[in-house]
Number of protein chains: 2
Amino acid sequence: MTPAPKEPQKTRELILSTALLLFAERGYFATSVQDIRRSADISIGSIYHHFDSKNAIARALYDDLLSRMTTVTQDAADMHTATKEKCRSIITALFAFSESDPLTMHFVLHARHREFLPEAMPICSTRPFELMREVIIAGIASGEVRQLDPIVASAVLFGGAVRLMHLALDGVLPRPIATYLEEIVETGWRAIAA
Amino acid sequence: MTPAPKEPQKTRELILSTALLLFAERGYFATSVQDIRRSADISIGSIYHHFDSKNAIARALYDDLLSRMTTVTQDAADMHTATKEKCRSIITALFAFSESDPLTMHFVLHARHREFLPEAMPICSTRPFELMREVIIAGIASGEVRQLDPIVASAVLFGGAVRLMHLALDGVLPRPIATYLEEIVETGWRAIAA
DNA sequence: GTCTATAATTTGATAGAC
DNA sequence: GTCTATCAAATTATAGAC
């Protein structure tokens, strides 16, 4: 049978979504290009037509997810003026993200990006995590947050939330992560509130 | 020149320490048995004499580090009776561990063990992390800790500390991790104290 | 733009001498 | 217990027809 020519953009998307699924499930190194080919039901040639290498697929995924996470975090912070509300909003957005797109969040939180993208910064030095620290620093400046090392304050408040997301993605949370939202925000905030 | 026969235990240790170094540096999949051979300056045959497979090396490392972390955590908790002191003691021990043996801690915190040890539990379900939750649960029962979901309380207190260890291992902490000890314990405790 | 076929390497692992 | 030599399979990537 003749191969049905598909729209080019669709194939590219298919490769990316298939790769994300497999990378999240087994990790980058345990996923071969053959695995992607098989799962997506396309040919090796097609994959290499759209991407230079397996690494380029991971890079495209990484760039995309980082820009999406940055947008989500930035928008969440911009929705409010009070520091506590900014923090709640960010955590809400992250929890929502991790429920609506668990594969992407899994790839963000669990993948050792530097193992296959050597020039990638540690995830905690990327823009979304910087934004969280900036919110805390502004909160300290305005007197809403205690005089703490911003690194410590971030670690407790957002680190606690991130930890919950890890647990959720590992499948060891008894309830949906959204149900922990209020408690984690209130508990974390109590730690750092002025 | 004739190969100098070494004590068997020494070779085994050498293989393990070399593998730990490489696994921590590049990850399990990015490290080949050839890499281990080259780094340890021994032969392939010697490696396969001591271990059945590359996987068996990782398993041995994993079992060892888990039992050491369990001992450290258990001992730290047993040194005190008050919940806050137990928590401080555990975090102190973990920080010390991560400074005295950063490679092992890196392997614990960063490695995606389930990628290469399919039957391994998520790291947060292992004994050391269970112990931390048990301390919190006992603290709630005794009235030292507020009536919180123990998962949330653990995430904020110990998750904050674990987050700092991640930052330290990623090399983005400006000061030695030990200098953050007091602040992270006091801040985390404030979140969950009754 | 998609395909099949295959090249070039590298991988984990084994055999057998010493 | 350590070594060298080697295997079979899998890997990433390319070539070239359609």
Side-chain angles (χ1 to χ4, degrees), chain A residues 1-23 25-62 111-119, chain B residues 1-23 25-62 111-119:
Chain A
M1 45 188 147
T2 329
K6 295 161 190 165
E7 305 107 288
Q9 212 60 3
K10 289 279 179 189
T11 304
R12 201 190 131 92
E13 299 288 315
L14 177 63
I15 294 168
L16 284 175
S17 63
T18 307
L20 174 61
L21 177 68
L22 295 176
F23 289 170
E25 224 167 48
R26 330 173 177 172
Y28 174 81
F29 288 105
T31 302
S32 71
V33 179
Q34 285 292 342
D35 292 334
I36 300 172
R37 180 204 66 74
R38 195 181 313 114
S39 265
D41 197 29
I42 53 175
S43 72
I44 285 279
S46 192
I47 292 177
Y48 279 99
H49 171 78
H50 287 282
F51 295 95
D52 283 346
S53 63
K54 176 181 163 182
N55 208 270
I57 301 177
R59 190 177 312 272
L61 279 175
Y62 183 77
R112 306 297 319 132
H113 303 109
R114 300 177 88 179
E115 285 179 12
F116 49 90
L117 300 177
E119 82 292 4
Chain B
M1 46 187 144
T2 330
K6 296 162 191 162
E7 306 106 289
Q9 212 61 2
K10 290 280 178 187
T11 303
R12 202 189 130 93
E13 298 288 315
L14 176 63
I15 294 167
L16 284 175
S17 61
T18 307
L20 174 61
L21 177 68
L22 295 176
F23 289 170
E25 225 166 48
R26 331 173 176 172
Y28 175 82
F29 288 104
T31 301
S32 71
V33 179
Q34 284 292 341
D35 293 334
I36 300 172
R37 178 203 66 73
R38 195 180 313 115
S39 265
D41 196 30
I42 53 174
S43 71
I44 286 280
S46 192
I47 292 177
Y48 279 99
H49 171 77
H50 287 281
F51 296 95
D52 284 346
S53 63
K54 176 181 165 183
N55 208 270
I57 300 177
R59 189 177 313 273
L61 279 175
Y62 184 77
R112 305 296 321 130
H113 304 108
R114 300 177 88 179
E115 286 179 12
F116 49 89
L117 299 178
E119 83 290 4

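Keep in mind that the numbers below use all heavy atoms, side chains included, and drop hydrogens, waters and symmetry copies. Protein chains get the first letters and strands the later ones, always in sequence-line order, with residue 1 at the start of each.
- Put simply, CG on B:Leu14 is 15 Å from P on D:dG1, counting in whole angstrom units.
- Here the CD1 atom belonging to B:Ile36 is positioned 14.0 Å from the CG atom belonging to B:Asp41, to the nearest 0.5 angstrom.
- A:Arg38 places its CZ atom 11 Å from the P atom of D:dT12, with the value rounded to the nearest Å.
- With contacts defined as side-chain heavy-atom distances shorter than 4.5 Å, the pair B:Thr18/B:Ile42 does not qualify.
- Nearest heavy atoms, A:Leu14 versus A:Ala40: CD2-O, 3.6 Å.
- For the pair A:Thr11 and A:His49, the minimum side-chain heavy-atom distance is 4.5 Å or more.
- Rounding to whole angstrom units, CD of residue A:Glu13 and P of C:dG1 are separated by 14 Å.
- Shown here are the ring pair (Phe, Tyr, Trp, His ring centres under 6.0 Å) partners of B:Phe116, two or more places apart in sequence or in another chain: B:Tyr28.
- A sub-4.0 Å separation between OP1 or OP2 of D:dG1 and a side-chain N or O of B:Thr11 is absent.
- At the phosphate of D:dT14, neither OP1 nor OP2 sits under 4.0 Å from any side-chain N or O atom of A:His49.
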Expected string for nucleotides 9-14 of chain C under the B/S/- scheme (protein heavy atoms, under 4.0 Å, primed atoms plus P, OP1, OP2 as sugar-phosphate) is --SSBB

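- The nearest pair of heavy atoms linking B:Phe51 to B:Ala60 is CE2-CB, 4.1 Å.
- Here the P atom of nucleotide C:dA5 and the CD1 atom of A:Ile47 are 17 Å apart, to the nearest Å.
- Regarding A:His50, its NE2 atom lies at a distance of 18 Å from the P atom of D:dT12, rounded to whole Å.
- The interatomic distance linking B:Arg37 (CZ) with D:dA5 (P) rounds to 12 Å, in whole Å.
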